Amino acid sequence: QVQLVESGGGLVQAGGSLRLSCAASGRTFNMYAMGWFRQAPGKEREFVAAISWSGSNTYYSDSVKGRFTISRDNAKNTVYLQMNSLKPEDTAVYYCAAKGTYYSGTYYVAGYEYDYWGQGTQVTSEP
């Protein structure tokens, strides 16, 4: 079992930055690929970014590519999402997720592939 706790959300003006953190506890964190997803009111959950458990491979949705950066510190059992140049359309609840895997370089894009989810943190970008 892995417990995930997100933090770092908040209210920011468009063009600003936030850094989300997701702290993991339980099983061996460095055997888990990690992902960030978000869900805006009235919309379906969507993929944002993913990182392999080695940290060597990352992948981003087109909507955040070039603005957001996913990273991880396996010594601290934490994954991060640095969000720059925030737009009002980035407003959503952001969730981190973990997927157990033996493959160090693999990341996952589909939500159904993930085993564990955090409770979410609200990000609001005002015009």
Side-chain angles (χ1 to χ4, degrees):
Q1 192 77 7
V2 173
Q3 294 78 43
L4 304 173
V5 178
E6 302 96 335
S7 61
L11 176 64
V12 65
Q13 285 193 325
S17 298
L18 284 173
R19 188 175 82 155
L20 305 184
S21 299
C22 173
S25 61
R27 302 292 293 274
T28 306
F29 179 69
N30 63 1
M31 292 292 287
Y32 285 83
M34 301 295 294
W36 285 97
F37 293 78
R38 67 187 182 186
Q39 187 167 21
K43 295 187 177 181
E44 293 187 352
R45 183 181 63 196
E46 65 171 345
F47 168 79
V48 175
I51 188 167
S52 60
W53 66 249
S54 67
S56 59
N57 293 324
T58 58
Y59 188 77
Y60 300 90
S61 68
D62 287 343
S63 61
V64 307
K65 195 176 300 181
R67 300 187 298 122
F68 291 11
T69 302
I70 188 170
S71 61
R72 65 190 296 159
D73 185 337
N74 287 344
K76 296 182 178 180
N77 288 356
T78 302
V79 64
Y80 305 97
L81 186 68
Q82 178 66 44
M83 305 185 296
N84 299 329
S85 303
L86 281 160
K87 304 176 181 180
E89 51 264 42
D90 294 319
T91 295
V93 177
Y94 283 70
Y95 300 90
C96 71
K99 162 67 177 178
T101 177
Y102 291 107
Y103 305 105
S104 63
T106 302
Y107 53 77
Y108 299 86
V109 175
Y112 69 82
E113 295 182 287
Y114 285 85
D115 303 314
Y116 303 101
W117 293 82
Q119 83 291 346
T121 185
Q122 177 71 45
V123 171
T124 303
S125 178
E126 287 189 332

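Atom set for the values below is all heavy atoms of this structure, side chains included, hydrogens, waters and symmetry mates excluded. From a predicted model like this one, the values you see are computed outputs, not experimental measurements.
- Scanning all heavy atoms of the two residues, the minimum distance from S125 to A14 falls at OG-CA, 3.5 Å.
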- Using the side chain to side chain contact (heavy atoms under 4.5 Å, CB included) rule, take W36 and V79 through it: C-alpha gap first, then chi angles, then the decisive distance, then the call. CA-CA 9 Å; W36 285 97; V79 64; 4.0 Å; yes
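- Remark: side-chain polar atoms of T78 are not paired, donor with acceptor, to backbone N or O of D73 under 3.5 angstrom.
- Formation of a donor-acceptor pair under 3.5 Å by the E6 side chain with backbone atoms of Q119 is found in this model.
- Aromatic ring orientation, F37 versus F47: perpendicular (interplanar angle above 60°, classes split at 30° and 60°).
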- Task: Decide yes or no on side-chain hydrogen bond (donor to acceptor under 3.5 Å, both in side chains) for Q122 and T124, but give the supporting numbers first.
- Result: CA-CA 7 Å; Q122 177 71 45; T124 303; 3.3 Å; yes
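- For the residue pair T91 and E89, no side-chain donor N or O sits within less than 3.5 Å of a side-chain acceptor on the partner.
- No salt bridge links K87 with D90; every basic N to acidic carboxylate O contact stays at or beyond 4.0 Å.
- Hydrophobic clustering places V48 together with Y60 (ILVMFWY residues linked when any side-chain heavy atoms are closer than 4.5 Å, directly or through intermediates).
- Remark: K99 is positioned above the aromatic ring of Y108, its terminal NZ or CZ atom under 6.0 angstrom from the ring centre and at most 45 degrees off the axis.
- At distances below 3.5 Å, at least one donor-acceptor pair connects side-chain atoms of W53 with backbone N or O atoms of T101.
- No side-chain donor-acceptor contact under 3.5 Å links N84 to the backbone of S17.
- Side chains of R38 and R45 form no contact here, defined as non-hydrogen atoms less than 4.5 Å apart.
- No more than 12 heavy-atom neighbours from other residues, nucleotides or ligands sit within 6.0 angstrom of CD on Q13.
- Using modelled atom types, no side-chain atom of Y95 and backbone atom of Q39 make a donor-acceptor pair closer than 3.5 Å.
- At a threshold of 4.5 Å between non-hydrogen side-chain atoms, the residues L86 and F68 count as touching.
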